[in-house]
Amino acid sequence: MSAFKIATWNVNSLKVRMDHVLEWLKTTNPDVLALQEIKMQTTDFPLDLFREAGYSAVVSGQKTYNGVAILSKQTARTDTIVTDFPGYADEQRRILGVEIDGVFVLDLYVPNGAAVGTDKYLYKLIWLDHLKNYLATLINKHQKIIVLGDFNIAPTDEDVHEPELWRGEVLVSDKERAAWQSILSLGFIDCYKKSPVGDTKYSWWDYRQAAFRRNLGLRIDHIVANTMMANHLQGCEIDKTPRAWERPSDHAPVIASFIF
DNA sequence: ATGGTGGTCCCACCA
């Protein structure tokens with residue numbers, strides 16, 4: 001029997017959140033941690049500090065915005081790194097795929113979309129369409145697949161603190177939810193939906209209006225697994241502890257545990 | 001009606 005623990009965390013600037021990430025790694029001890037919004041160039045990534053903590057890293061960085069990275073205890077297969085959807089040129093560093101310990105891990109920072117009807121919303125829908133097409137090819141290529149990250153979509157009203165207030169807005173709109181469903185339809189399972197652990201339902205709380213204290217949150221950070229992986233899922237938990245720390249990210253980490 | 005970044009010492013952009 002062997003365990004595999006994988007997590008995702010939108011850190012909203014790794015430079016600011018470095019102490020939080022190191023502290024959280026020490027207590028949680030995941031095999032893999034997918035980071036989003038590192039907001040730094042690949043050359044600035046603190047590889048040495050993570051190495052001291054027992055992790056190697058694969059990084060697709062960008063100055064100021066976006067940027068994704070995957071930390072892992074096991075060494076990643078660097079010959080399998082993916083940083084773009086095939087045939088879709090995008091300057092924004094939002095995807096990072098790599099095989100680790102026989103599992104293809106795809107880290108996503110889905111565009112936020114700003115507001116329904118804007119150019120950014122359109123970019124989000126086009127981006128999600130490319131994602132779906134890419135996942136359709138992936139699912140035939142790998143036995144074990146985990147797709148995780150900040151999806152910027154709350155799949156159902158259960159994932160929203162006040163659905164009536166959010167109706168039709170970005171993050172919950174029908175088109176975004178349809179894109180989410182079409183991805184699951186390819187053969188992926190929402191780990192939290194299948195096997196929730198603990199009572200934390202949301203993964204993101206706005207910095208404004210004391211949203212965290214009032215638990216006005218949304219579940220927009222997800223871990224999805226192909227059926228082969230999902231058959232070995234033990235549980236999925238959202239850890240809101242670091243959201244209560246000083247100078248936190250607005251997102252909480254999500255962790256899925258598997259056993260083989 | 002907060003917080004992060006980056007170019008200018010307050011403001012624009014993004015979430």
Side-chain angles (χ1 to χ4, degrees), chain A residues 8-24 33-46 49 59-69 90-96 107-128 131 148-155 159-163 165-173 175-177 179-180 200-222 238-254:
Chain A
T8 174
W9 197 0
N10 179 325
V11 291
N12 186 18
S13 167
L14 183 59
K15 191 181 168 200
V16 174
R17 235 62 72 187
M18 196 56 194
D19 291 349
H20 285 201
V21 175
L22 289 173
E23 176 63 27
W24 189 81
L33 173 60
L35 300 169
Q36 304 89 38
E37 283 205 272
I38 63 170
K39 295 185 174 179
M40 61 170 59
Q41 287 171 308
T42 302
T43 47
D44 295 329
F45 195 86
L49 289 171
V59 185
S60 184
Q62 184 185 335
K63 197 179 162 185
T64 314
Y65 303 119
N66 313 309
V68 284
D90 189 355
E91 309 236 308
Q92 304 192 29
R93 303 292 81 201
R94 295 179 174 276
I95 77 163
L96 182 59
D107 180 10
L108 303 179
Y109 175 46
V110 177
N112 171 279
V116 173
T118 61
D119 287 352
K120 284 177 185 159
Y121 181 74
L122 195 62
Y123 165 60
K124 181 179 194 172
L125 295 179
I126 291 166
W127 197 97
L128 286 166
L131 172 62
L148 75 174
D150 178 0
F151 281 72
N152 268 315
I153 301 171
D159 307 307
V160 181
H161 62 85
E162 217 178 325
L165 198 74
W166 279 86
R167 188 81 54 216
E169 298 289 330
V170 75
L171 310 183
V172 311
S173 75
K175 283 179 178 171
E176 291 162 87
R177 285 178 169 177
W180 167 264
T200 303
K201 291 175 62 176
Y202 308 132
S203 68
W204 171 82
W205 299 260
D206 201 293
Y207 284 121
R208 292 165 284 194
Q209 296 168 304
F212 181 63
R213 184 177 56 74
R214 298 158 66 202
N215 198 28
L216 305 180
L218 267 67
R219 189 173 71 95
I220 57 176
D221 300 88
H222 307 295
I238 307 171
D239 182 7
K240 68 175 178 182
T241 356
R243 185 62 179 80
W245 292 346
E246 205 175 320
R247 245 187 137 190
S249 167
D250 43 353
H251 294 255
V254 184

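Hydrogens, waters and symmetry mates play no part in the numbers below; they use all other heavy atoms, side chains included. Lettering follows sequence order; numbering is per chain, from 1.
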Taking only residues two or more places apart in sequence, or in another chain, which ones meet A:Asn112 in a side-chain contact (heavy atoms from CB on, under 4.5 Å)?
A:Asn152, A:Leu171
For A:Arg219, which residues count as a side chain to side chain donor-acceptor pair (under 3.5 Å) partner, sequence neighbours excluded?
A:Asp159, A:Asp190, A:His222
With heavy atoms of chain A within less than 4.0 Å as the criterion, where does contact along DNA chain B begin and end?
B:dA1 to B:dA15
When A:Asp206 and A:Pro111 are each assigned the nearest nucleotide of DNA chain B, the 5'-most assignment goes to A:Asp206
Taking for each residue the nucleotide of DNA chain B with the nearest heavy atom, is it A:Gln209 or A:Thr64 whose nucleotide lies nearer the 5' end?
A:Gln209
Would you say [X]'s side chain and [Y]'s backbone share a donor-acceptor pair under 3.5 angstrom?
| X | Y | answer |
| --- | --- | --- |
| A:Arg94 | A:Gly67 | no |
| A:Arg93 | A:Asn66 | no |
| A:Thr118 | A:Ala115 | yes |

At 4.0 Å (heavy atoms only), tell me whether A:Arg243 reaches a base, stays on the sugar-phosphate, or touches nothing.
nothing
Need one value for A:Phe212: base, sugar-phosphate or nothing, where a base atom within 4.0 Å counts as base even if backbone is also close, heavy atoms only.
nothing
What integer number of Å spans the C1' atoms of B:dC14 and B:dA1?
15 Å
From CA spacing to verdict: side chain to side chain donor-acceptor pair (under 3.5 Å), A:Asp150, A:Trp204
CA-CA 10 Å; A:Asp150 178 0; A:Trp204 171 82; over 6 Å; no
